[in-house]
Student: 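Below is one structure. I have some questions about it.
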Amino acid sequence: MSERVAIVTGAASGIGKAVAETLAGGGDQVVVADLNEVEGKEFADRIGGHFVKVDLSQRADCKRLVNETLTHYGGIHILVNNAGFQHIDPIEVFPENTWDKMLGVMLTAPFLLTKYVWRTMKTRGWGRIVNISSIHGRVASPFKSAYITAKHGLIGLTRTAALEGGEHGITVNAICPAYVRTPLVENQIADQARIRGISTEDVVEQVMLEPAAIKRLISPEEVAALVVYLCSEAADAITGADWAIDLGWTAR
Ligand code: NAD
């Protein structure tokens, strides 16, 4: 299929940026949706995409993103729900407004965007939705209550949407990466060291890499390659699945 239109949220950085760049490189029209206007606009211009500034914790922004994409390109073939952020704190002191915001951006926004793109995909009889969950959508670790709850919920949303999308040619899958080398992970190393009372080197070795069979961080491009596959015709039979790309983290 030529001239596909893809919305990638959180595409100004990290995994989203790699996904947007890879899809654009394959000939797709890409909408870069992000809170970060400076990075997002510059990046969208570079890949020949279209930037939409959004705060995905706001329902109106989710609606505007879909409407603006439809106005600009006339349809939507692919939705990649990727935007997210991390906050590390024990439950006892976890800020309640941060909990609300994390569930808003990483669970409610994917639901709303799925809901708003549904009609155009259903009408065409073809659509691809890829939700960037996490290894923490499958297993838990301490101090990440909101993140882990949102990512587990996102797998539930993936399965439900897959069941509803089957008869309309819409596939919906989740990807569950372990630690990927992005600003989100670089920033959390110091936070984990503070909470656990260990050095930053020990955070990488003991917390991030110890459970993995392959002892390294994942690159954003490795996740992007899986997104591209799930959006291809070759993946037509794959839906409702949560794809681990986790260096063997969950094998034990
Ligand atoms: P990142 O910090 O590099 O990029 C996240 C992007 O999301 C940023 O550009 C940021 O501006 C955007 N964003 C955050 N809040 C937003 C909001 N309210 N509205 C719009 N945009 C917003 O992070 P990343 O590591 O590339 O993470 C991308 C996704 O992958 C996240 O959902 C994350 O949970 C998931 N993930 C990351 C890892 C990892 O190790 N990096 C592992 C598993 C899953």
Side-chain angles (χ1 to χ4, degrees), residues 7-22 31-44 51-66 79-88 97-98 100-110 112-113 130-141 144 146-155 157-158 174-189 191-192 203-204 207-209 211-212 216-224 226-227 242-247 249-250:
I7 294 175
V8 184
T9 70
S13 175
I15 295 170
K17 194 173 192 175
V19 169
E21 188 152 27
T22 313
V31 173
V32 171
D34 207 289
L35 199 54
N36 185 335
E37 189 165 13
V38 176
E39 300 277 331
K41 174 103 183 52
E42 186 274 327
F43 171 63
F51 176 70
V52 181
K53 182 178 181 183
V54 282
D55 178 352
L56 294 167
S57 66
Q58 304 300 310
R59 186 174 301 209
D61 278 21
C62 295
K63 188 87 188 163
R64 185 171 51 77
L65 169 59
V66 172
L79 168 65
V80 182
N81 284 309
N82 164 78
F85 61 101
Q86 184 59 278
H87 182 91
I88 314 266
N97 58 351
T98 304
D100 289 342
K101 186 141 196 180
M102 292 183 86
L103 268 82
V105 173
M106 292 190 282
L107 187 55
T108 304
L112 292 172
L113 293 173
V130 181
N131 294 322
I132 307 300
S133 178
S134 167
I135 191 176
H136 285 123
R138 295 176 143 205
V139 296
S141 298
K144 298 183 175 179
Y147 186 87
I148 286 165
T149 303
K151 295 301 190 183
H152 273 71
L154 191 54
I155 292 178
L157 173 65
T158 300
I175 295 180
C176 301
Y179 290 94
V180 184
R181 189 175 289 285
T182 70
L184 182 145
V185 160
E186 306 284 358
N187 294 337
Q188 98 168 245
I189 292 173
D191 288 345
Q192 291 251 22
V203 169
V204 175
V207 180
M208 296 185 167
L209 301 184
R216 67 169 174 83
L217 297 178
I218 300 162
S219 78
E221 290 71 25
E222 289 176 296
V223 181
L226 185 49
V227 174
D242 48 304
W243 287 68
I245 172 165
D246 69 358
L247 308 163
W249 240 73
T250 51

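We count ligands from 1, going down the list as the structure has it; atoms in each ligand are counted the same way. Keep in mind that this is a model prediction, so the values were computed, not measured.
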Student: For ligand 1, which atoms sit closer than 4.0 Å to a heavy atom of Val185?
Tutor: 39 (C), 40 (O), 41 (N)
Student: Indicate yes or no for a side-chain donor-acceptor contact from Asn82 to the backbone of Thr9 under 3.5 Å, with no hydrogens or angles considered.
Tutor: yes
Student: Closest approach of Ile155 and Ala174, non-hydrogen atoms and distance?
Tutor: CG1-CB, 4.4 Å
Student: Determine whether a donor-acceptor pair (N or O, by modelled atom type, separation under 3.5 Å) exists between the side chain of Asp61 and the backbone of Asp55.
Tutor: yes
Student: Polar contacts were defined as any N/O atom of the residue lying under 3.5 Å from an N/O atom of the ligand; does this apply to Ala33 and ligand 1?
Tutor: no
Student: So is Lys151 polar-close to ligand 1, meaning N/O to N/O under 3.5 Å?
Tutor: yes
Student: Would Ile15 count as being in polar contact with ligand 1, using the rule that some N or O on each side must be under 3.5 angstrom apart?
Tutor: yes
Student: By number and element, which atoms of ligand 1 are closer than 4.0 Å to a non-hydrogen atom of Tyr179?
Tutor: 40 (O)
Student: Within the distance-only criterion (no hydrogens, no angle test), does the side chain of Asp34 pair as donor or acceptor with the backbone N or O of Asn36 below 3.5 angstrom?
Tutor: yes
Student: Treating His87 as the side-chain partner and Thr98 as the backbone partner, does any N or O pair qualify as donor plus acceptor under 3.5 Å?
Tutor: no
Student: On a heavy-atom basis, which atom in Met102 and which in Ala146 lie closest, and how many Å separate them?
Tutor: SD-CB, 3.7 Å
Student: Main chain of Ala244, side chain of Trp249: is a donor-acceptor contact present, judged purely on distance under 3.5 Å?
Tutor: no
Student: Which of the listed options, Val52, Asn82, Ile132, holds the heavy atom that is closest to atom 31 (C) of ligand 1?
Tutor: Asn82
Student: Tell me which protein heavy atom sits closest to atom 18 (N) of ligand 1, plus the residue, atom name and distance to 0.1 Å.
Tutor: Asp55 OD1, 3.1 Å
Student: Check whether any heavy atom of Ser133 sits under 4.0 Å from an atom of ligand 1.
Tutor: yes
Student: Identify, for atom 24 (P) of ligand 1, the protein heavy atom at the shortest distance, and state residue, atom and that distance.
Tutor: Thr182 OG1, 3.5 Å
Student: How long is the gap from OH on Tyr147 to CD on Gln188, to the nearest 0.5 Å?
Tutor: 7.5 Å
Student: Where is the nearest protein heavy atom to atom 19 (N) of ligand 1: which residue, which atom, and how far?
Tutor: Leu56 N, 3.0 Å
Student: Give the residue and atom name of whichever protein heavy atom lies nearest to atom 14 (C) of ligand 1, and the separation in Å to one decimal.
Tutor: Gly84 O, 3.7 Å
Student: Who's the nearest protein heavy-atom neighbour of atom 43 (C) of ligand 1, and how far?
Tutor: Pro177 O, 3.3 Å
Student: Among all protein heavy atoms, pick out the one at the shortest distance from atom 3 (O) of ligand 1; state its residue, atom name and that distance to 0.1 Å.
Tutor: Ser13 OG, 2.6 Å
Student: Go through ligand 1 atom by atom and flag the ones less than 4.0 Å from a non-hydrogen atom of Pro183.
Tutor: 3 (O)
Student: Within a distance under 4.0 Å of any heavy atom of Val105, pick out the atoms of ligand 1 and give their elements.
Tutor: 18 (N)
Student: Under a 4.5 Å cut-off applied to non-hydrogen side-chain atoms, are Val139 and Ile148 in contact?
Tutor: no
Student: Could you pull out, from Asn81, Val54, Leu35, Asp34, the option with a heavy atom nearest to atom 11 (O) of ligand 1?
Tutor: Asp34
Student: Taking everything shown except Arg216 itself, do over 12 heavy atoms lie less than 6.0 Å from its CZ?
Tutor: yes
Student: Hey, is the main chain of Leu107 close enough, under 3.5 Å, to the side chain of Lys151 for a donor-acceptor pair?
Tutor: no
Student: Return the closest protein heavy atom for atom 27 (O) of ligand 1 as residue, atom name and distance.
Tutor: Leu184 CD1, 3.9 Å
Student: Have a look at Ser134, Ala178, Gly14 and point out the one with the heavy atom closest to atom 42 (C) of ligand 1.
Tutor: Ala178
Student: Does the N or O separation between Met106 and ligand 1 drop below 3.5 Å for any pair?
Tutor: no
Student: What about Tyr147: any of its N or O atoms under 3.5 Å from an N or O on ligand 1?
Tutor: yes
Student: Can you tell me the protein heavy atom closest to atom 13 (N) of ligand 1 and the distance?
Tutor: Ala83 CB, 4.1 Å
Student: Flag the pair Thr250 / Ile135 as yes when at least one side-chain heavy-atom distance between them is below 4.5 Å, and no otherwise.
Tutor: yes
Student: Against the six-membered ring of Phe51, is Lys53 placed for a cation-pi contact (under 6.0 Å from the centre, within 45° of the normal)?
Tutor: no
